[in-house]
Amino acid sequence: MDNTPEFFNDLGVLHKQHGRLDEAIAAYQQALALNPQFANAHYNLGNAHRAKNNLEPAAESFRLAVKCSVKADPVHGHALAALGQVLAAVGRADNAIPYLQEALTLMPDDPELWYLCGCLENSRKEYVAAIACFQNALRLAPGWAEAQHNLAQALFQLGQVTAAFRLFQSADSELSRAMIAVIIPGVPEAGNQAILEARQAFAEDRVAPSRPRTRVARLRIGYVSSFFQRDNWMKPVWGLINQHDRRLFEIHLFSDAPVSDIRQGYRVHPEDRFHDITGLSVQVVAKQIEDASIDLLIDLNGYSNLRRLPLFTLRPAPVIAGWFNMFATTGMPCYDYLIGDREVIPPEEEKFYCEKIVRVPGSYLTFEVNYPVPDVASPPCLANRTFTFGCLAPQYKITSEVIAAWSRILQRAPESSLLLKNTALVSPGARQFVHGLFRGNGVPPERVRLEGPADHYRFLETYGEIDLALDTFPYNGGTTTTEAIWQGVPVLTFYGDRWASRISASILKAANLSGFVAGNIEGYESLAVKFANCPESLAELRLKMRESLKGSAVCDTPAFARNMENLYRRITTVMGEVPRAARPAS
């Protein structure tokens with residue numbers, strides 16, 4: 001019998017080829033007992049461990065294969081790649097990427113390595129690096145739908161919305177069609193008709209028959225959300241729910257987070273029913289809703305959680321409406337109503353909605369702040385003698401068109417600067433990319449300050465460094481707008497061509513801040529320059545703004561609750577309905 005390391009290594013290969021993984025592992029270990037520096041045996045042992053899903057031992061074997069081989073040895077590059085893949089599989093992206101990058105220097109024509117590297121860079125929010133990786137993967141494997149989709153995701157996160165939209169279209173996968181439905185309200189060249197068609201296409205296979213409607217004296221209202229735990233985002237929602245009249249309405253909350261995660265905002269009422277649906281399938285949740293005999297089901301998610309959208313196609317309640325996180329048609333016939341106001345949906349645009357549009361007086365996004373926030377700070381221009389524009393919106397809302405407009409403003413107001421702060425800008429690569437976009441529009445980096453995220457309280461403190469907030473378009477701020485004005489910073493916007501581009505106008509007009517709503521983009525730019533050149537007019541407004549908001553319609557949550565309750569009664573009242581008590585026994 002041959003007792004050489006090569007013999008046992010070859011024996012291990014034979015065992016693995018026939019699916020005998022334990023025998024293969026034993027043979028490789030015997031080869032390594034004879035020669036601990038045998039790189040091929042380390043590599044093969046790693047593959048055998050990986051086949052058994054023993055990923056930590058696999059990683060150690062691949063690491064030893066790298067250590068025991070030289071770059072000229074083919075096994076070296078394959079071991080580097082395998083080590084990176086295993087580290088990625090156990091969630092250690094930061095450790096995996098250096099090995100994958102080194103493997104790519106030896107195997108630059110491997111599209112799958114470029115693809116994996118891109119996925120890991122995406123997961124770390126290093127979107128610029130991810131874009132380069134996916135572009136290389138597509139150069140080597142043209143038409144690869146998954147690579148096109150992920151490249152589009154990275155471009156979208158950096159505000160390159162048009163390029164992302166076109167890539168999603170060319171990827172032509174179910175997931176990419178879903179992403180088109182998600183992002184299309186914020187695609188600059190997509191009008192209301194395109195939004196309607198894209199969302200109807202997404203909804204085609206997601207329909208279910210209507211359920212009979214019922215009417216009772218005390219309506220049972222069900223609110224569905226995956227985000228109840230995000231107190232800053234839920235300001236409009238809690239503003240309504242906290243003010244509901246429990247004598248007339250029974251409130252049910254269907255939440256993708258346990259009640260213990262909802263720390264602020266919701267004032268618990270003893271008669272409310274909380275349903276923790278975390279991790280439950282849509283079929284199980286639908287059964288819970290049916291068992292609760294919900295009369296009106298309100299979707300607060302919209303396209304922010306695609307996993308929950310099929311719930312509404314099951315028609316678990318007789319009437320289904322969308323509110324709060326809706327800023328375009330759902331395209332889905334299972335929704336009976338969308339709730340907005342006259343600012344966001346003028347009557348002439350109802351033809352672009354498959355739902356019936358119902359409106360409340362004033363803004364559909366009133367809010368209350370009942371969690372700790374910083375005090376309003378004095379305008380920084382008074383101390384700095386320079387004027388600071390700012391925007392704390394997500395980077396995906398800051399499209400090339402937005403950057404071009406802001407660049408024109410900065411050029412017309414030469415003593416001004418711009419501050420941007422968001423999650424994507426944590427990456428040095430992203431900051432360099434965004435500075436490059438401004439530089440391409442004639443604005444040097446020293447005039448644009450870019451910052452990454454912070455905890456929410458410190459994030460809000462950033463408004464103390466901003467004189468005037470600039471809104472994004474065509475996808476306006478919602479939470480961003482309410483947070484800015486609560487911190488005393490006016491938000492400048494303009495009246496756009498779709499619901500998503502009128503959200504801030506709705507909020508500001510109800511807040512008695514209509515002077516910051518321009519009629520078009522030219523007016524938006526001119527108003528920004530005017531305020532930068534005469535900032536004194538903002539100083540007094542800023543210090544009084546929070547108290548002013550408390551007395552305005554945008555913070556009158558009791559009145560808003562009465563308006564919504566009247567609307568709820570109206571849309572659940574249909575001639576010829578059968579009261580619940582008279583339902584035939586099942």
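These numbers were taken from a predicted model, which means no experiment stands behind them.
The ring of Phe202 has its center closer than 6.0 angstrom to the ring center of Tyr303.
Under the salt bridge (Lys or Arg N to Asp or Glu O under 4.0 Å) criterion, the residue pairs touching residues 117-136 are Asp94-Arg124, Glu121-Arg124, with sequence neighbours excluded. Evaluation of the side chain to side chain donor-acceptor pair (under 3.5 Å) test over residues 96-120, restricted to residues two or more places apart or in two chains, returns Tyr115-Asn150.
Residues meeting the salt bridge (charged side-chain N to carboxylate O under 4.0 Å, His left out) test with Arg408, sequence neighbours left out: Glu525. Applying the side chain to side chain contact (heavy atoms under 4.5 Å, CB included) rule to Ser400 yields the partners Gln160; only residues at least two apart in sequence or on another chain are considered. Phe494 pairs by the ring pair (Phe, Tyr, Trp, His ring centres under 6.0 Å) definition with Phe473, Tyr524, not counting sequence neighbours. Partners of Ala393 by side chain to side chain contact (heavy atoms under 4.5 Å, CB included), not counting sequence neighbours, listed by chain and number: Cys391, Lys397, Thr472, Thr480. Under the rule for a salt bridge (charged side-chain N to carboxylate O under 4.0 Å, His left out), the partners of Glu465 that lie at least two apart in sequence or sit in another chain are Arg449. Taking Ala154 as the reference, Asn122, Tyr127, Ala130, Ile131 meet the side chain to side chain contact (heavy atoms under 4.5 Å, CB included) condition, with sequence neighbours excluded. The salt bridge (charged side-chain N to carboxylate O under 4.0 Å, His left out) test applied to Arg308 returns Asp256, not counting sequence neighbours. With sequence neighbours excluded, the residues forming a side chain to side chain contact (heavy atoms under 4.5 Å, CB included) with Leu280 are Ile277, Val284, Val285, Gln288, listed by chain and number. Residues that satisfy the side-chain hydrogen bond (donor to acceptor under 3.5 Å, both in side chains) test with Gln395, not counting sequence neighbours, are Asn422.
Ring-plane geometry between Phe389 and Phe387 is classed as perpendicular, the angle between the planes exceeding 60 degrees on a 0 to 90 degree scale with a lower cut at 30. The aromatic rings of Phe62 and Tyr43 sit tilted, their planes meeting at an angle between 30° and 60°.
Glu197 and Gln193 form a side-chain donor-acceptor contact under 3.5 Å, judged by distance and modelled atom types alone. Under 3.5 Å, the side chains of Asp276 and Thr278 contain a donor-acceptor pair of N or O atoms. A side-chain donor from one of Asp231 and Gln264 sits under 3.5 Å from a side-chain acceptor of the other.
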Table please: side-chain donor-acceptor pairs of residues 75-90 below 3.5 Å, with sequence neighbours left out.
unit_1, atom_1, unit_2, atom_2, d
His76, ND1, Val66, O, 3.4
His76, ND1, Ser69, OG, 2.8
Gln85, OE1, Arg50, NH1, 3.0

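Enclosure of atom CD in Glu415 is not indicated, since only 12 or fewer non-hydrogen atoms of other residues, nucleotides or ligands lie within 6.0 angstrom.
Side-chain N or O atoms of His435 include none that pairs as donor or acceptor with a backbone N or O of Glu446 at under 3.5 Å.
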